[in-house]
Amino acid sequence: MPDHAPEISVYSSIDEVDQDQWSAVIRAATAPAFYDYAFVRAYERVPLQHTESFIYLIFGDPPVAVLPAYVQGTDDPAGYISGLGLPDRRPGDRILMTHVTHCYDTLIPARPECLTQELADQVCAALADVARQSRVKWFAFLNVDGTGTTASRLTAAGLMKFAMNTRFSKDVTAYPSAEDYVADIPSSKARRKFRTSLHQASRAGMTVSALDPVREAAGAVDLCRRTTARHGTAGYYPDHFGEFIALAGELVNITEVRIGGRLASAAISLCDATRFHLWAGGIDYEFTRGIDSSFPLMLRPAIEETIRTRRTTLEAGRSNARAKLRFRLEPIPLFAFVCRA
């Protein structure tokens with residue numbers, strides 16, 4: 001480790017960390033909403049997966065980098081960790097990971113001028129120390145953009161690389177309106193499907209509403225949970241998901257689409273300085289069976305909100321690749337970088 005390496009402070013609660021200092025690094029790094037103090041605080045108070053311990057690493061004084069980490073089991077409900085193919089993994093094994101599986105854009109939040117290979121090496125060494133102290137087999141960075149700087153730094157640090165999944169994203173700065181976005185979809189068939197689906201919903205009495213995440217999230221939360229259960233991952237959003245949403249409310253945007261007064265689609269989105277994250281979504285597939293494609297019911301309001309709030313990028317999360325590619329969202333391959341402790 002170089003002589004000029006910043007000192008490391010390790011905390012077991014986010015309440016022990018200076019909020020202004022943490023937030024200053026997150027802003028400088030333009031890190032996604034998952035690193036916002038409000039998100040990590042909500043996750044500590046109401047974790048969305050069983051978590052044995054919470055660790056917050058601060059590099060430097062004042063900080064040049066910060067990092068949340070969590071000791072969790074490798075038997076996760078959605079299979080993001082258990083499906084990696086970790087060597088010698090056994091049921092019940094634990095892992096130190098950053099960030100949680102509900103975060104689909106992991107990086108090392110650091111001031112840009114400080115994000116050197118030396119810093120990445122120090123971050124990995126610090127995580128290895130914490131992993132050994134926690135008596136876990138591995139430490140890992142999950143859901144890392146395979147094309148980004150973090151991936152290249154972690155590769156150079158010698159971590160093993162495992163393919164995970166794909167997230168979908170779109171820079172919307174070229175579009176003055178959602179209709180301009182739709183008009184730019186290359187496939188005429190996809191454009192027609194997008195517009196037809198919205199026309200069908202409109203004729204059936206579609207209304208779109210923005211709701212208070214603290215007091216009015218129950219319907220959206222229930223629909224998101226029912227949708228994940230339908231896809232075989234019922235535990236991904238636990239019973240207390242609504243409590244998490246209320247605690248993280250300052251970051252949250254909730255949009256409901258009703259048809260004839262009945263909830264047809266709901267989106268729980270997160271907002272940061274540059275991105276609008278279509279993070280959790282639910283669709284009543286039985287009710288919307290008569291609509292060509294139900295995804296535009298969720299996507300169109302998200303595009304509108306991204307443009308209205310002058311954010312540059314719509315992040316559309318993982319899964320549902322067929323619909324997202326059809327409607328011009330761009331794939332970003334995600335990887336886990338793992339090391340034995």
Side-chain angles (χ1 to χ4, degrees), residues 104 165-211 219-220 222-233 236 253-270 275-309 311-334:
Y104 51 67
N165 41 53
T166 302
R167 92 172 199 258
F168 296 86
S169 180
K170 183 65 178 178
D171 184 329
V172 299
T173 52
Y175 305 114
S177 70
E179 183 51 40
D180 291 298
Y181 176 101
V182 176
D184 200 38
I185 295 173
S187 165
S188 59
K189 183 178 179 180
R191 287 196 307 273
R192 185 166 57 252
K193 182 178 286 287
F194 195 107
R195 290 168 172 154
T196 298
S197 300
L198 291 170
H199 289 155
Q200 290 169 334
S202 295
R203 287 195 299 269
M206 179 177 69
T207 60
V208 181
S209 303
L211 303 183
D222 178 65
L223 187 55
C224 288
R225 296 189 69 231
R226 285 192 283 122
T227 301
T228 57
R230 185 180 188 271
H231 292 295
T233 54
Y236 189 65
N253 177 295
I254 294 182
T255 303
E256 285 189 351
V257 175
R258 292 182 176 270
I259 297 177
R262 176 171 165 176
L263 184 60
S265 170
I268 300 174
S269 303
L270 302 174
R275 284 163 285 194
F276 186 86
H277 298 262
L278 188 54
W279 180 50
I283 294 172
D284 186 331
Y285 289 101
E286 295 302 318
F287 181 53
T288 59
R289 184 178 294 175
I291 295 173
D292 277 8
S293 175
S294 53
F295 187 55
L297 304 184
M298 186 183 301
L299 182 58
R300 173 70 182 241
I303 298 168
E304 290 175 343
E305 190 65 11
T306 308
I307 294 171
R308 186 189 71 79
T309 58
R311 289 180 165 87
T312 62
T313 306
L314 170 62
E315 293 282 356
R318 298 161 292 195
S319 74
N320 200 12
R322 183 179 178 184
K324 291 173 182 177
L325 290 170
R326 175 190 294 152
F327 298 130
R328 203 173 173 76
L329 293 160
E330 297 173 355
I332 298 173
L334 300 179

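Predicted model, so just to flag it, every value in this text is computed and none were measured. What you see below is based on every heavy atom in this structure, not just the backbone, and it leaves out hydrogens, waters and symmetry mates.
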Exercise. Is there a donor-acceptor pair closer than 3.5 Å between any side-chain N or O of R167 and the backbone N or O of L334?
Worked result: no

Exercise. What residues, two or more places apart in sequence or in another chain, satisfy ring pair (Phe, Tyr, Trp, His ring centres under 6.0 Å) together with Y104?
Worked result: F34, H277

Problem set entry | Closest contact, heavy atoms only, S202 versus M206 | OG-CE, 3.5 Å

Problem set entry | By side chain to side chain contact (heavy atoms under 4.5 Å, CB included) - contacts of E304 (at least two apart) | A178, R300

Exercise. Taking the side chain from D180 and the backbone from S177, do they hold a donor-acceptor pair closer than 3.5 Å?
Worked result: yes

For this session: Only counting residues at least two apart or in another chain, list the ones meeting ring pair (Phe, Tyr, Trp, His ring centres under 6.0 Å) with F295.
Result: none

Exercise. So which heavy atom on I307 is nearest to which on P176, and how close?
Worked result: CG2-O, 3.5 Å

For this session: Measure across Y285 and S294 and return the closest heavy-atom pair with its distance rounded to 0.1 Å.
Result: CE2-OG, 3.9 Å

For this session: Say whether, by atom type as modelled, one donor and one acceptor occur between the side chain of T306 and the main chain of T313 under 3.5 angstrom.
Result: no

Exercise. Is D292 salt-bridged to R192, going by a charged N under 4.0 Å from an acidic O?
Worked result: no

Exercise. So, the side chain of T227 versus the backbone of G282: is there a donor-acceptor pair under 3.5 Å, distance only?
Worked result: no

Exercise. What pairs with R322 under side chain to side chain contact (heavy atoms under 4.5 Å, CB included), at least two apart in sequence or on another chain?
Worked result: R326

Exercise. Which heavy atom in A220 sits nearest to a heavy atom in L263, and how many Å separate them?
Worked result: N-CD2, 4.4 Å

Seminar exercise, completed: side chain to side chain donor-acceptor pair (under 3.5 Å) filter on K170, not counting sequence neighbours, yields E330

For this session: Spell out, as yes or no, whether a donor-acceptor pair under 3.5 Å connects the side chain of T288 to the backbone of I291.
Result: no

Exercise. Do I268 and C224 have side chains that get closer than 4.5 Å, going by heavy atoms?
Worked result: yes

Seminar exercise, completed: By ring pair (Phe, Tyr, Trp, His ring centres under 6.0 Å), F276 pairs with (sequence neighbours left out) none

Exercise. Is a side-chain N or O of R191 found less than 3.5 angstrom from the main chain of I185, in a donor-acceptor match?
Worked result: yes

For this session: Provide the closest heavy-atom pair for P301 versus V257 in the form atom of the first, atom of the second, distance.
Result: CG-CG2, 4.4 Å

Problem set entry | Minimum heavy-atom distance S319-F168, with the two atoms named | O-CE1, 4.0 Å

Exercise. Taking atom NE2 of H231 as the centre, does the number of heavy atoms from other residues, nucleotides or ligands within less than 6.0 Å exceed 12?
Worked result: yes

